[in-house]
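Numbers restart at 1 for each chain; the letters A, B, ... are given by sequence-line order, proteins then strands. All heavy atoms count here, side chains included; hydrogens, waters and symmetry mates do not.
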Protein chains: 2
Amino acid sequence: MEKRVNQIKQQLSAQNYKLTPQREATVRVLLENEEDHLSAEDVYLLVKEKAPEIGLATVYRTLELLSDLQIIHKLNFGDGVTRYEFRAEGAEHHHHHLYCLNCGSVDEIMEDLLGPIEKQVESEYNFQIVDHRLTFHGICKRCRGKVEDPKKLYSIKLS
Amino acid sequence: MEKRVNQIKQQLSAQNYKLTPQREATVRVLLENEEDHLSAEDVYLLVKEKAPEIGLATVYRTLELLSDLQIIHKLNFGDGVTRYEFRAEGAEHHHHHLYCLNCGSVDEIMEDLLGPIEKQVESEYNFQIVDHRLTFHGICKRCRGKVEDPKKLYSIKLS
DNA sequence: GTGATTGCAAATTGTTTGCACGCTG
DNA sequence: CAGCGTGCAAACAATTTGCAATCAC
């Protein structure tokens, strides 16, 4: 944890940015909730607990900064809010998401399932791939059995 | 074209909705620009050409209705606007998108590359898949050569 | 007429910006 | 003191909602 905070501090100063207390608090919240895919509002509420004077705009600015520096990633599941997650440490390690239509949870698939497919797409469509987003929408293991008609949920909830 | 309008009309009346002139105009615009992934605003502007009195709210309501009835699909590429596309006619025919970081164009991959992978995910993660979204972000064939550093573009443009 | 549908304006939501102040080198 | 960084409030953009008027059976 301290190690990662420090690492980020260095990434910031390498570009002449400082790890101010607000930024540090934000980073720590993100690290502490790494598996949660928080929205800006989520982050704001959590950061306020440790730094009550912080403004929402600062949180947005910090998230934008971290995103520009490719320290975090913005995610969109179509429910109207942007969520954030840490980038995989090793540059090219992609992963995917499982978005539950019932409870809104987001789980991760930590393996990259698309390696061969990317190659196929690059050559077949003459498209230079920089990244991809793969999300499966459905019912998570915790909601299994609770939902009668997943397709219906789907049409209601999804964008 | 007429055939498809009629088909949609029937889908609507099957659920006790009417294909009003405004709805029909909206549907036609969507059909005429099927490969374009229009935003609500785009649709609004185009619909206004044939039905100048229409309101933006009506367009939104129509798009929402069509989406609820699973006639069209909402899409999010992370650039802040929701775009719409027709659903594949045959229920389970998935396709994928190529989003160009340089020009913002969206092309389609009409084959479903994920069949086997879905099966693997369902069993391995105990997740019941209803749908998936797969988008490749990168440089389209038209922008090839115009861009020096795709990764940089990526960090700037993407959500 | 009764209920669905519309247009318009106002409200909401998520996010961004302008600006004066504060902190740090 | 120069400039980055902040908090606050106002601005914005996309979308949604309330409501009175209108339309279709």
### Task
Would you please confirm or rule out a distance under 4.0 Å between OP1 or OP2 of dT6(D) and any side-chain N or O of Thr20(A)?
yes
### Joint cluster assignment, Val106(A) & Phe127(B), ILVMFWY side-chain distance < 4.5 Å
no
### Query
Can you get from Val29(A) to Leu65(A) by hopping between Ile, Leu, Val, Met, Phe, Trp and Tyr side chains that sit under 4.5 Å apart?
yes
### Query
When rounded to the nearest 0.5 angstrom, what is the spacing between NE2 in His37(B) and CG in Asp107(B)?
8.5 Å
### Task
Give a yes or no answer on whether the side chain of Asp36(B) reaches the backbone of Leu38(B) with a donor-acceptor pair at less than 3.5 Å.
no
#### Entry: Rounded interatomic separation in angstrom, taking CG from Leu65(B) and P from dT15(D)
17 Å
### Interatomic distance where CG belongs to Leu12(B) and P belongs to dA24(D) [whole Å]
16 Å
### Query
When the distance from NZ of Lys9(B) to C1' of dT5(C) is rounded to whole Å, what number comes out?
16 Å
### Task
Report yes if a side-chain nitrogen or oxygen of Gln22(B) is closer than 4.0 Å to either non-bridging phosphate oxygen (OP1 or OP2) of dC23(D); otherwise report no.
no
Enumerate the protein-to-nucleotides 9-17 of chain C contacts in which both atoms are nitrogen or oxygen and the separation is below 3.5 Å.
{"residue": "dT15(C)", "atom": "OP1", "partner": "Thr82(A)", "partner atom": "N", "Å": "3.1"}
{"residue": "dT15(C)", "atom": "OP1", "partner": "Thr82(A)", "partner atom": "OG1", "Å": "2.9"}
{"residue": "dT15(C)", "atom": "OP2", "partner": "Tyr60(A)", "partner atom": "OH", "Å": "2.5"}
{"residue": "dT15(C)", "atom": "O5'", "partner": "Tyr60(A)", "partner atom": "OH", "Å": "3.1"}

### Message
If hydrophobic clusters are built by linking Ile, Leu, Val, Met, Phe, Trp and Tyr wherever their side-chain heavy atoms come under 4.5 Å apart, do Leu69(B) and Leu63(B) end up in the same one?
### Response
yes
### Angle of first-five versus last-five pair axes in the helix from dG1(C)-dC25(D) to dG25(C)-dC1(D), to 10 degrees
10°
### Message
From OH of Tyr17(B) over to C1' of dG3(C), roughly how many Å is that when rounded to an integer?
### Response
13 Å
### Query
Does the distance from a Lys or Arg side-chain N to an Asp or Glu carboxylate O, for Glu24(B) and Arg28(B), drop under 4.0 Å?
yes
### Summary
Of the candidates dG5(D), dG7(D), dA4(C), the side chain of Lys18(A) sits closest to dG5(D)
### Value in whole Å for how far the P atom of dT5(C) lies from CD1 of Ile54(B)
14 Å
### Query
Over how many whole Å does the gap from Leu19(B) atom CG to dA4(C) atom P extend?
17 Å
### Task
Determine, for Glu124(A) against Lys119(A), whether the closest basic-nitrogen to carboxylate-oxygen distance falls under 4.0 angstrom.
no
### Query
CG of Asp68(B) versus P of dT5(C): gap in Å, rounded?
13 Å
### Query
Could you give the OH-to-P distance, from Tyr44(B) to dA13(D), as a whole number of Å?
16 Å
### Query
Under 6.0 Å from the six-membered ring centre of Phe86(B) and within 45° of its axis: does the NZ or CZ of Arg4(B) meet both?
yes
### Task
Please lay out, stage by stage, how Glu85(A) and His97(A) fare under the test side chain to side chain donor-acceptor pair (under 3.5 Å).
CA-CA 11 Å; Glu85(A) 74 173 2; His97(A) 294 104; 3.0 Å; yes
